[in-house]
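Worksheet: the structure to be examined is printed underneath.
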Amino acid sequence: MERTYLMVKPDGVQRNLVGEIVSRFENKGFQLVGAKLLTVSREMAETHYAEHKERPFFGELVDFITSGPVFAMVWEGENVISIARQMMGATNPKDALPGTIRGDYAAKLSMNVIHGSDSPESAAREIGIFFKEEELNNYEKTI
Ligand code: CMP
């Protein structure tokens with residue numbers, strides 16, 4: 001079953017959006033297999049955002065993601081990577097449609113509330129940065 005890495009960024013945590021965001025993915029029918037609140041180290045942030053290393057905003061990006069706790073999650077389900085990205089909305093909140101997470105809650109590109117993996121390769125890499133294998137739960141519904 002496909003998995004993705006989703007992360008409520010420091011702005012989302014500080015604006016008390018964790019519950020709302022978790023609810024959206026639960027209500028959609030995806031299964032939460034791992035979750036934790038953590039403060040990202042600069043080393044983890046630089047690894048996570050390695051593809052943006054040469055961009056002029058890289059320093060700002062690392063400063064922001066390490067500025068306060070994030071809520072890191074792994075979700076599982078059919079096509080969860082692409083569906084989660086649809087639910088998040090466009091990266092730039094000015095292009096994110098109402099009804100999406102960024103469309104409803106974000107106004108700035110640098111503080112766009114949530115991160116989500118964009119491919120199976122990114123998902124595997126990002127899950128590996130933030131979670132140990134034993135922190136992920138494989139379970140079948142029993143009720
Ligand atoms: P995310 O999906 O977490 O991946 C990279 C992030 O870089 C992106 O969300 C935006 O928050 C951020 N970003 C992209 N472009 C810019 C920019 N021009 N200035 C500041 N931040 C940016």
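Atoms within each ligand, like the ligands themselves, are counted from 1 in listed order. The figures here come from the full heavy-atom set of this structure, side chains too, leaving out hydrogens, waters and symmetry mates.
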* To do: Measure up the His52 and Phe57 rings against each other and bin them: parallel (under 30°), tilted (30 to 60°), perpendicular (over 60°).
  => tilted
* How far is atom 16 (C) of ligand 1 from its nearest protein heavy atom, and which residue and atom is that? -> Leu109 CD2, 3.3 Å
* For atom 4 (O) of ligand 1, which protein heavy atom lies nearest, and how many Å away is it? -> Tyr49 CE2, 3.6 Å
* Could you establish whether Phe64 and ligand 1 come within less than 4.0 Å of each other, counting only heavy atoms on the residue side? => no
* Do the rings of Phe130 and Tyr5 sit parallel, tilted or perpendicular, given the 30° and 60° boundaries? -> parallel
* Asked: In the protein, what heavy atom is nearest to atom 21 (N) of ligand 1, and what distance, to one decimal place, separates them?
  -> Phe57 CD1, 3.7 Å
* Asked: Ring centroid separation for Phe25 and Trp75, is it under 6.0 angstrom?
  -> yes
* Contact summary for Glu60 and Ser110, nearest pair of heavy atoms -> OE2-CB, 3.3 Å
* **Within 45° cone of Phe71 ring axis and under 6.0 Å: Lys36 NZ or CZ** => no
* Any nitrogen or oxygen of His115, main chain or side chain, under 3.5 Å from a nitrogen or oxygen of ligand 1? -> yes
* Considering heavy atoms of the protein only, find what lies nearest to atom 7 (O) of ligand 1 and give residue, atom and distance to 0.1 Å. => Leu61 CD1, 3.2 Å
* Asked: Which is it for Arg55 and ligand 1 at heavy atoms under 4.0 Å: side chain, backbone, both or neither?
  -> neither
* Structure fact -> heavy-atom search around atom 8 (C) of ligand 1 in the protein gives Thr91 CG2, 3.8 Å
* Is Lys9 in contact with ligand 1, taking contact as a heavy-atom separation below 4.0 Å? -> yes
* Asked: Taking 4.0 angstrom as the limit, do Asp63 and Arg42 come out as a salt bridge?
  -> yes
* Asked: Going by atom types only, do Asn27 and Ser23 share a side-chain donor-acceptor pair under 3.5 Å?
  -> no
